[in-house]
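Encoded as structure tokens, the structure appears first; notes follow it.
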Amino acid sequence: MEQTLAVNYTAQVKQKLIASGAELAGVADTEPLKALKTDPPNLLDSFTRALSVAVQLPAAVFEMIEDQPTPIYDSVYQTANRILDEIAFKTAKRLQNDGFLSLPIPASQVLDRQSWYAAISHKAVARMAGLGWQGKNLLLITPQYGSRVRLATVLTNAPLIIDTPVKNRCGNCMMCRDACPAGAIKGINTEDHYKTRNEAMHFDKCAAKLGNQFARLPEISAPICGICIKVCPFGRKFEKRSTPRKHENGK
Ligand code: B12
């Protein structure tokens, strides 16, 4: 596909994603992502691009979270996963109908519960696709919605135009470190990404708090928390806005 066609096709794919209910979409080259652990290990072999999709969670849900996840957050978490899985499924089918091999990666499927690994890290894909940076909370922080987004990925060999990563804007902020109920966040910054989860967090403390304590609360179905998401100023900034903002990255 020649350049102008590829530019138009990429814009069209992103527009359809936004029209299907996503807030943000971007494209990453799969080459640098091959350094990630994937399941299966050759997951990326047939794919040249990874399309990252983000759905924003309603801001008011976070206002109800104080020191543990709430049943409404649990429900919203499940709904966001369903919406993302449907968007990724439909996008993969659309790309396939256009002649491109495409695979939707589920929002929240865990393939290894011992070491907590999925098929591929959505955060790494989203970061490389320019949706945001990896914050001190280890999550993807978007300039528009902070970490109040859930993510999915579509792997494809469609010749989509690649987006560029954005700069980390955490600065000296330590709000997620100070609020973490597990004391898991170390408060270390990264210009690109952490080499391991443990560089950013006492990972076991986070997994134990969520898996052994929060997931056992009434009406909580998964290891969720929400506190490092709630306190991030980039998410709160959105909450205080009175007028809707256009999708800044136009993706
Ligand atoms: C297993 C899992 C968990 C486990 C383990 C968490 C973990 N940190 O790995 C537990 C149950 C503890 C957990 C907790 C949470 N999770 Co969780 N979890 C996942 C899941 C299913 C797989 C994660 C995985 O495979 N990690 C493997 C490691 C190695 O990858 P990583 O965590 O992304 O970290 C590395 C890469 O990002 C890499 N990287 C970043 N950029 C780049 C670029 C390149 C080129 C390379 C090579 C590497 C690289 O640097 C990191 C260190 O190596 C993902 C969904 C998915 N498929 O991604 C959701 C996911 C990460 N979870 C999510 C969320 C929101 C949470 C919680 C807030 C719970 C909640 N919903 O309330 C907490 C937050 C914990 C925290 N602060 O990290 C969201 C994050 C959204 C966001 N805005 O970032 C995800 C993406 C789910 C989704 N569909 O949106 N989770």
Side-chain angles (χ1 to χ4, degrees), residues 23-24 28-39 43-44 50 52-57 61-62 65 68-70 73-74 76-78 80-85 87-88 104-129 131-142 145-153 165 168 176-177 179-182 184-186 190-212 214-215 220-232 234-235:
E23 263 75 27
L24 303 170
D29 183 359
T30 51
E31 217 35 60
L33 294 168
K34 287 183 179 160
L36 282 169
K37 177 177 150 79
T38 61
D39 187 348
L43 176 71
L44 296 176
S52 178
V53 190
V55 162
Q56 184 210 3
L57 300 175
V61 173
F62 292 98
I65 296 177
Q68 59 183 42
T70 62
Y73 178 52
D74 185 83
V76 160
Y77 157 91
Q78 292 181 46
N81 288 342
R82 272 202 305 279
I83 292 172
L84 279 162
D85 287 347
I87 294 175
I105 305 293
S108 219
Q109 187 180 50
V110 181
L111 298 179
D112 175 351
R113 282 192 183 268
Q114 288 294 312
S115 339
W116 292 107
Y117 273 95
I120 188 169
S121 162
H122 293 314
K123 285 182 278 180
V125 173
R127 201 183 71 72
M128 297 308 285
L131 263 54
W133 63 93
Q134 190 160 45
K136 287 175 187 151
N137 59 4
L138 193 66
L139 298 177
L140 180 88
I141 303 186
T142 67
Y145 313 112
S147 289
R148 296 174 180 207
V149 291
R150 291 193 65 76
L151 304 164
T153 300
N168 185 312
C176 60
R177 181 199 64 180
C180 175
I185 299 172
K186 294 181 178 172
T190 175
E191 274 311 308
D192 44 41
H193 66 86
Y194 299 101
K195 303 296 165 260
T196 64
R197 290 179 277 200
N198 277 311
E199 195 184 338
M201 301 180 59
H202 301 287
F203 174 67
D204 291 347
K205 288 190 185 174
C206 170
K209 185 88 179 171
L210 273 57
N212 302 336
F214 289 166
I220 302 296
S221 64
I224 56 171
C225 173
I227 294 167
C228 63
I229 302 180
K230 170 182 176 156
V231 299
C232 175
F234 284 92

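For ligands, and for the atoms within them, numbers begin at 1 and follow the listed sequence.
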### Query
Numbering the atoms of ligand 1 from 1, which are under 4.0 Å from a heavy atom of C225?
69 (C), 70 (C), 72 (O)
### Query
So is L151 polar-close to ligand 1, meaning N/O to N/O under 3.5 Å?
yes
### Task
Check each atom of ligand 1 against the heavy atoms of L36 and keep those under 4.0 Å away; list them by number with element.
47 (C), 48 (C)
### Query
Measuring from N137:CG to I227:CD1, what's the distance to the nearest 0.5 Å?
12.5 Å
### Task
Heavy-atom contacts with S147 under 4.0 Å: which atoms of ligand 1 show up? List them by number with element.
83 (N)
### Query
How about C228 and L139: do any of their side-chain heavy atoms sit closer than 4.5 Å?
yes
### Query
Quick one: which of K34, M128, H193, R113 has a heavy atom closest to atom 49 (C) of ligand 1?
H193
### Heavy-atom nearest neighbour of atom 75 (C) of ligand 1 within options G132, S121, C206
C206
## Note on the structure
Out of H122, R150, E31, the nearest non-hydrogen contact to atom 63 (C) of ligand 1 is supplied by R150
### Task
Could you tell me whether the side chain of N198 and the main chain of F203 form a donor-acceptor pair under 3.5 Å?
yes
### Message
Does ligand 1 come near enough to I120 that some N or O of the ligand is less than 3.5 Å from an N or O of the residue?
### Response
yes
### Query
For atom 50 (O) of ligand 1, which protein heavy atom lies nearest, and how many Å away is it?
Y194 O, 3.1 Å
### Query
Any N/O of G226 closer than 3.5 Å to an N/O of ligand 1?
yes
### Query
When only distance counts, is P223 in polar contact with ligand 1, meaning an N/O pair under 3.5 Å?
no
### Heavy-atom nearest neighbour of atom 77 (N) of ligand 1 within options D204, N137, T142
N137
## Note on the structure
Heavy-atom proximity to atom 22 (C) of ligand 1 ranks first, among A118, P106, A107, for A118
### Nearest-neighbour protein heavy atom for atom 24 (C) of ligand 1, which is reported as residue plus atom name and distance
W116 O, 3.8 Å
### Message
Tell me whether atom 71 (N) of ligand 1 lies less than 4.0 Å from at least one protein heavy-atom position.
### Response
yes
### Message
Hydrogens and angles aside, do S108 and R150 bring a side-chain donor and acceptor to less than 3.5 Å of each other?
### Response
yes
### Task
Return the residue, atom name and 0.1 Å-rounded distance of the protein heavy atom closest to atom 12 (C) of ligand 1.
A207 CA, 3.8 Å
### Query
Does any non-hydrogen side-chain atom of L57 lie less than 4.5 Å from one of F62?
yes
### Query
Considering only the protein, which heavy-atom contact is closest to atom 5 (C) of ligand 1, and what is its distance?
F203 CE1, 3.5 Å
### Query
Atom NZ of K34 and atom CG of L43: how far apart are they, to the nearest 0.5 Å?
10.5 Å
#### Entry: 4.0 Å protein heavy-atom contact status of atom 3 (C) of ligand 1, strictly under
no
### Message
I need the nearest protein heavy-atom contact for atom 73 (C) of ligand 1: residue, atom name and distance, please.
### Response
L210 CD2, 3.8 Å
### Task
With the side chain counted from C-beta on, respond yes when W116 and R197 share a heavy-atom pair under 4.5 Å apart, and no when they do not.
yes
### Query
Does some non-hydrogen atom of the protein lie less than 4.0 angstrom from atom 91 (N) of ligand 1?
no
### Message
Nearest 0.5 angstrom please: L140 CG to Y145 OH, how far?
### Response
13.0 Å
### Task
Check each of T38, L57, V110, D29 against atom 21 (C) of ligand 1 and report the one with the nearest heavy atom.
V110
### Message
Regarding atom 27 (C) of ligand 1: of the candidates Y77, Y117, F214, Y73, which has the closest heavy atom?
### Response
Y117
### Summary
Taking only non-hydrogen atoms of I224 and a 4.0 Å limit, the atoms of ligand 1 in range are 69 (C), 70 (C), 71 (N), 72 (O)
### Message
My question is simple, although I want it checked carefully: is atom 37 (O) of ligand 1 less than 4.0 angstrom from any protein heavy atom?
### Response
yes
### Query
Is there a donor-acceptor contact under 3.5 Å from the side chain of E23 to the main chain of Q56?
yes
### Message
Going by the closest heavy atom to atom 28 (C) of ligand 1, which one wins out of R197, R127, K37?
### Response
R197
### Query
Within the structure, does at least one protein heavy atom fall under 4.0 Å of atom 7 (C) of ligand 1?
yes
### Message
Run Q134 and T190 through side chain to side chain donor-acceptor pair (under 3.5 Å) and show every step you take.
### Response
CA-CA 8 Å; Q134 190 160 45; T190 175; 5.9 Å; no
### Task
Name the closest protein heavy atom to atom 82 (C) of ligand 1, giving the residue it belongs to and the distance to 0.1 Å.
L140 N, 3.7 Å
### Message
Would you compute the distance between atom CD1 of I141 and atom OG of S147 and round it to the nearest 0.5 angstrom?
### Response
4.5 Å
### Query
If hydrogens are left out, which of M201, K195, K123 has an atom nearest to atom 32 (O) of ligand 1, that is, the closest non-hydrogen atom?
K123
### Task
For atom 68 (C) of ligand 1, find the nearest protein heavy atom and state the residue, atom name and distance (0.1 Å precision).
I229 CD1, 3.7 Å
### Task
Find out whether K136 and R177 are in side-chain contact, i.e. whether some heavy atom of one side chain is under 4.5 Å from a heavy atom of the other.
no
### Message
Is the contact between Q134 and ligand 1 made by the side chain, the backbone, both, or neither, using heavy atoms and a 4.0 Å cut-off?
### Response
side chain
### Query
F214 versus P181: any side-chain heavy-atom pair under 4.5 Å?
yes
### Query
So which heavy atom on T30 is nearest to which on A50, and how close?
CG2-N, 3.8 Å
### Task
State whether the side chain of H202 and the backbone N or O of A182 hold a donor-acceptor pair below 3.5 Å, judged by distance alone.
no
### Query
How about V55 and V149: do any of their side-chain heavy atoms sit closer than 4.5 Å?
no
### Message
So is I105 touching ligand 1 or not, going by heavy atoms under 4.0 Å?
### Response
no
### Distance (rounded to the nearest 0.5 Å) between L111 CG and D39 CG
4.5 Å
### Task
Evaluate the side-chain proximity of I120 to L44: yes if any heavy-atom separation is below 4.5 Å, no if none is.
yes
## Note on the structure
Among L139, N198, T153, closest by heavy atom to atom 74 (C) of ligand 1 is L139
#### Entry: Atoms in ligand 1 with a heavy atom of A35 nearer than 4.0 Å
47 (C)
## Note on the structure
among protein heavy atoms, the one nearest atom 81 (C) of ligand 1 is V149 O, 3.5 Å
### Query
Any side-chain heavy-atom pair from I224 and D74 closer than 4.5 angstrom?
yes
### Query
Any protein heavy atom lying closer than 4.0 Å to atom 19 (C) of ligand 1?
no
### Task
Measure from NZ or CZ of R127 to the centre of the six-membered ring of Y194, then state whether that distance is under 6.0 Å and the direction lies within 45° of the axis.
no
### Message
Side chain, backbone, both or neither: which applies to L138 and ligand 1 if a contact is any heavy-atom pair less than 4.0 Å apart?
### Response
side chain
### Query
Is the closest protein non-hydrogen atom to atom 44 (C) of ligand 1 under 4.0 Å?
yes
### Message
Tell me whether atom 30 (O) of ligand 1 lies less than 4.0 Å from at least one protein heavy-atom position.
### Response
yes
### Task
Would you give the length of the straight line joining atom CE of M128 to atom OG of S52, rounded to the nearest 0.5 angstrom?
12.0 Å
